[in-house]
Amino acid sequence: MNRSKNAFINGIRDGIPIALGYFAVAFSLGIVAKKAGLTPIQGFISSILNHASAGEYAEFTVIMANASYFEMAFVILVTNIRYLLMSCALSQRIDSETSLIHRFLVGFGITDEIFGISIARVGSLNPYYSYGAIAIAIPSWSLGTAMGIVAGNILPTAIVSALSVALYGMFVAIIIPAAKTDKVVCGVIIISFLVSFAVSKISLFSHLSDSMKISLLTVLIAGAAAILFPLREDEESHTVTDKEDPEYDA
């Protein structure tokens with residue numbers, strides 16, 4: 001019990017910076033959600049169930065486009081499919097005797113950042129560490145979305161439009177570092193922009209919604225890049241800064 005309590009407290013501690021960042025990003029998403037017609041409660045529930053900025057942005061875009069439920073499911077699957085890989089990787093760090101319910105709950109709360117701090121722990125991962133991070137980060141994410149919708153309802157239109165630009169800044173912050181360190185990623189990003197622009201101008205694809213175009217292009221371009229430029233399996237080198245803690249004996 002003490003190990004689980006320590007793990008939970010450590011998870012909260014490490015999750016606080018993540019929670020602060022999530023609130024800021026989710027606030028911008030809330031502005032988009034307001035444009036899609038969601039209420040603060042609907043936005044809060046949406047963020048509780050969908051823990052990805054790209055996934056939620058795609059979700060709100062589909063809602064604004066009045067697309068079908070199938071299209072929404074497909075778009076969210078494509079944008080969030082990376083979490084399947086993260087779950088597989090994290091499952092290798094969980095003790096083999098850990099129950100299925102713990103595995104399910106840890107998997108449900110995986111985000112890029114929570115995965116990062118969880119996979120970096122020494123030894124077997126105590127599920128309560130992830131619970132601690134989830135307990136502080138996900139409510140902050142959901143509250144940020146709800147507050148963004150509230151702000152979108154009371155702030156002047158000009159300010160709302162200005163705040164919505166912050167979301168694009170988030171995506172730029174994601175792609176620029178990766179593009180600077182990997183020429184293949186840089187090339188894929190440039191090709192994606194060009195192909196997306198070309199498709200938007202071709203009448204052949206005019207019957208497809210914007211969200212479906214983005215989804216199909218994501219699958220095709222990412223798939224082609226994976227086939228043509230597969231990642232090399234180099235030796236993994238992990239720099240561990242965490243000190244040994246009794247929670248890792250779980």
Side-chain angles (χ1 to χ4, degrees), residues 18 21-91 103-116 130 134 137-146 148-149 152 164 166-168 170-175 178 188-189 192 195-196 199-200 205 207-226:
I18 295 175
Y22 278 2
F23 184 88
V25 173
F27 188 90
S28 298
L29 274 171
I31 300 295
V32 180
K34 185 265 178 183
K35 292 182 178 180
L38 274 69
T39 66
I41 293 177
Q42 290 171 332
F44 184 89
I45 294 174
S46 175
S47 292
I48 281 287
L49 299 176
N50 191 354
H51 312 147
S53 54
E56 279 209 71
Y57 180 75
E59 173 192 341
F60 300 149
T61 302
V62 170
I63 292 174
M64 285 189 283
N66 292 318
S68 65
Y69 288 122
F70 172 79
E71 199 166 327
M72 178 182 291
F74 180 73
V75 168
I76 294 177
L77 174 65
V78 171
T79 53
N80 290 349
I81 201 167
R82 67 186 185 279
Y83 294 121
L84 293 176
L85 301 177
M86 293 183 189
S87 296
C88 291
L90 205 57
S91 69
R103 294 174 180 271
F104 176 82
L105 292 175
V106 170
F108 174 75
I110 286 180
T111 66
D112 295 339
E113 292 75 17
I114 292 177
F115 169 79
S130 295
I134 293 168
I138 300 305
S140 180
W141 171 258
S142 303
L143 184 61
T145 303
I149 296 174
S164 65
L167 191 61
Y168 297 100
M170 178 197 69
F171 285 115
V172 171
I174 291 174
I175 64 176
V188 169
I189 291 173
S192 298
V195 174
S196 180
V199 168
S200 68
F205 303 102
H207 65 286
L208 296 175
S209 67
D210 290 340
S211 59
M212 182 58 73
K213 292 176 187 176
I214 293 172
S215 300
L216 293 175
L217 288 177
T218 299
V219 173
L220 292 174
I221 295 174

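Remember, predicted model here, so these are calculated numbers, not experimental data.
Partners of Thr111 under the side chain to side chain donor-acceptor pair (under 3.5 Å) rule, at least two apart in sequence or in another chain, are Tyr22. Residues forming a side chain to side chain donor-acceptor pair (under 3.5 Å) with Ser46 (at least two apart in sequence, or on another chain): Glu56, Glu59. Qualifying side-chain contact (heavy atoms from CB on, under 4.5 Å) partners for Ile48, counting only residues two or more places apart in sequence or in other chains: Phe44, Ile138, Ser142. With sequence neighbours left out, Ser68 forms a side chain to side chain donor-acceptor pair (under 3.5 Å) with no residue at all. Residues satisfying the side-chain contact (heavy atoms from CB on, under 4.5 Å) test with Leu105, not counting sequence neighbours, are Ile101, Tyr131. Remark: Phe108 pairs with His51 by the ring pair (Phe, Tyr, Trp, His ring centres under 6.0 Å) rule, at least two apart or across chains. Under the side-chain contact (heavy atoms from CB on, under 4.5 Å) criterion, Thr39 pairs with Ile41, Gln42, sequence neighbours left out.
Taking SG from Cys88 and OH from Tyr83, the interatomic distance works out to 15.0 Å, rounded to the nearest 0.5 Å. A distance of 11.0 Å separates OG1 of Thr61 from CD of Glu71, quoted to the nearest 0.5 Å. Note that OG of Ser140 and CZ of Phe27 are 12.5 Å apart. Values are rounded to the nearest 0.5 Å.
Leu38 pairs with exactly one of Ile63, Ile45, Val32 by the side-chain contact (heavy atoms from CB on, under 4.5 Å) rule, that one being Ile63.
Counting heavy atoms from C-beta on, the side chains of Ile18 and Trp141 never come closer than 4.5 Å.
Here the closest non-hydrogen pair linking Ala137 and Ile114 is CB-CD1, 4.2 Å. For the residue pair Ser47 and Thr145, the shortest heavy atom distance occurs at OG-OG1, 2.6 Å. What you find for Ser87 and Ile110 is that their closest heavy atoms are OG-CD1, 3.4 Å. Of all heavy-atom pairs between Ala58 and Val75, the closest is CB-CG1, 3.2 Å. Considering all non-hydrogen atoms of both residues, Gly55 and Asn80 come closest at CA-OD1, 3.6 Å. Leu217 and Ser196 make their closest contact through CD1-CA, 3.8 Å (heavy atoms, listed as atom of the first residue, atom of the second, distance).
Here salt bridge (Lys or Arg N to Asp or Glu O under 4.0 Å) pairs that include residues 104-116, with residues two or more places apart or in two chains, are Arg82-Asp112.
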